[in-house]
Amino acid sequence: MMNHEDEGNQQAATTRADVQAQIIECLNRFYAMETGMWGNPVDCLIIRTVVQGKLQGKLYDISALSEVLGLPISTLHRKIGHLVENGFLRREPRGKSIYISPTDITNISLDKSFENMVATLRRLYKGDIKFDKKSADID
């Protein structure tokens with residue numbers, strides 16, 4: 001027979017596990033949306049960082065991105081070249097530096113996915129995310 005303290009600890013552990021599962025589900029949905037828009041995880045990380053920088057009013061050059069992301073400059077040159085070719089990022093020369101910024105295509109894609117992200121967060125907050133194979137699909 002369980003005492004009240006054991007029941008409380010078990011309920012707390014169950015609640016914690018449920019919340020962790022919901023958060024992971026939410027992150028997985030965001031990851032699926034993001035890779036659906038921009039490709040592989042490293043490309044998404046670069047784009048997400050550049051977009052966030054622009055939203056915060058700070059532009060990144062290759063050196064700053066390398067420092068923030070912990071990626072080699074040579075890798076970033078190659079990846080950014082690919083992302084520029086695909087229309088996700090652009091290079092903006094300013095003085096002696098070249099900054100990287102998102103293109104209109106990237107901003108529009110992000111705006112369109114924003115509503116799905118907000119809806120996912122609302123479902124997470126309400127506890128409406130179901131944990132089955134179908135829930136991994138993007139609504």
Side-chain angles (χ1 to χ4, degrees):
M1 186 168 175
M2 271 199 235
N3 64 33
H4 291 297
E5 185 178 338
D6 289 342
E7 286 178 19
N9 288 341
Q10 185 177 5
Q11 184 177 8
T14 300
T15 300
R16 181 181 172 91
D18 288 346
V19 169
Q20 287 174 336
Q22 289 177 0
I23 290 170
I24 290 169
E25 179 67 23
C26 187
L27 291 171
N28 286 339
R29 285 171 178 252
F30 285 178
Y31 175 79
M33 285 180 225
E34 189 177 56
T35 55
M37 288 186 295
W38 300 322
N40 72 54
V42 174
D43 290 350
C44 292
L45 177 63
I46 293 167
I47 292 170
R48 184 180 342 116
T49 303
V50 169
V51 168
Q52 180 182 18
K54 180 136 186 167
L55 291 171
Q56 294 174 345
K58 60 182 176 183
L59 295 178
Y60 288 103
D61 62 11
I62 299 278
S63 296
L65 271 175
S66 175
E67 188 175 317
V68 167
L69 299 177
L71 294 172
I73 289 176
S74 60
T75 299
L76 282 170
H77 272 292
R78 181 175 42 82
K79 292 284 194 182
I80 288 171
H82 174 74
L83 293 168
V84 167
E85 286 174 16
N86 287 318
F88 297 123
L89 298 176
R90 68 174 167 258
R91 293 181 180 99
E92 293 185 12
R94 292 190 182 181
K96 293 183 178 184
S97 295
I98 298 178
Y99 294 96
I100 310 302
S101 64
T103 62
D104 290 341
I105 292 169
T106 298
N107 291 327
I108 290 167
S109 294
L110 187 59
D111 286 345
K112 286 181 180 178
S113 69
F114 182 74
E115 290 303 319
N116 284 334
M117 291 177 188
V118 169
T120 298
L121 286 173
R122 283 187 180 132
R123 286 194 309 273
L124 171 65
Y125 183 73
K126 291 178 182 177
D128 291 343
I129 292 180
K130 306 285 187 277
F131 299 105
D132 58 26
K133 186 173 167 100
K134 224 176 185 184
S135 73
D137 298 334
I138 305 303
D139 296 333

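All figures in this text were calculated on a predicted structure; none of them were measured in a lab. In this chain, residues are counted from 1 in sequence order.
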Spacing of [atom1] belonging to [X] relative to [atom2] belonging to [Y], to within rounding of 0.5 Å:
X: Met37; Y: Ile108; atom1: CE; atom2: CD1; value: 12.5 Å
X: Asn107; Y: Lys54; atom1: CG; atom2: NZ; value: 7.0 Å
X: Thr106; Y: Ile47; atom1: OG1; atom2: CD1; value: 5.0 Å
X: Ile105; Y: Leu110; atom1: CD1; atom2: CG; value: 13.5 Å
X: Leu89; Y: Thr103; atom1: CG; atom2: OG1; value: 7.0 Å
X: Glu92; Y: Asp61; atom1: CD; atom2: CG; value: 12.0 Å

Problem set entry | Check against side chain to side chain contact (heavy atoms under 4.5 Å, CB included), Ile100 and Arg91 | CA-CA 5 Å; Ile100 310 302; Arg91 293 181 180 99; 4.0 Å; yes
Exercise. Does the side chain of Trp38 reach to within under 4.5 Å of the side chain of Glu34, using non-hydrogen atoms?
Worked result: yes
Exercise. CD of Gln11: more than 12 outside heavy atoms within 6.0 angstrom?
Worked result: no
Indicate, with yes or no, if [Y] and [X] share a hydrophobic cluster defined by side-chain heavy-atom contacts under 4.5 Å among Ile, Leu, Val, Met, Phe, Trp and Tyr.
X: Val42; Y: Tyr31; value: no
X: Leu59; Y: Ile98; value: no
X: Phe88; Y: Tyr99; value: no

For this session: Grab the two heavy atoms, one from Tyr60 and one from Gly53, that are nearest each other, plus how far apart they are.
Result: CE1-CA, 3.7 Å
Exercise. If every non-hydrogen atom of Cys44 is compared with every non-hydrogen atom of Gly39, which pair is closest and at what distance?
Worked result: SG-O, 3.4 Å
Show which side-chain atoms of residues 65-81 pair as donor or acceptor with protein atoms under 3.5 Å away, not counting sequence neighbours.
residue	atom	partner	partner atom	Å
Ser66	OG	Leu71	O	2.6

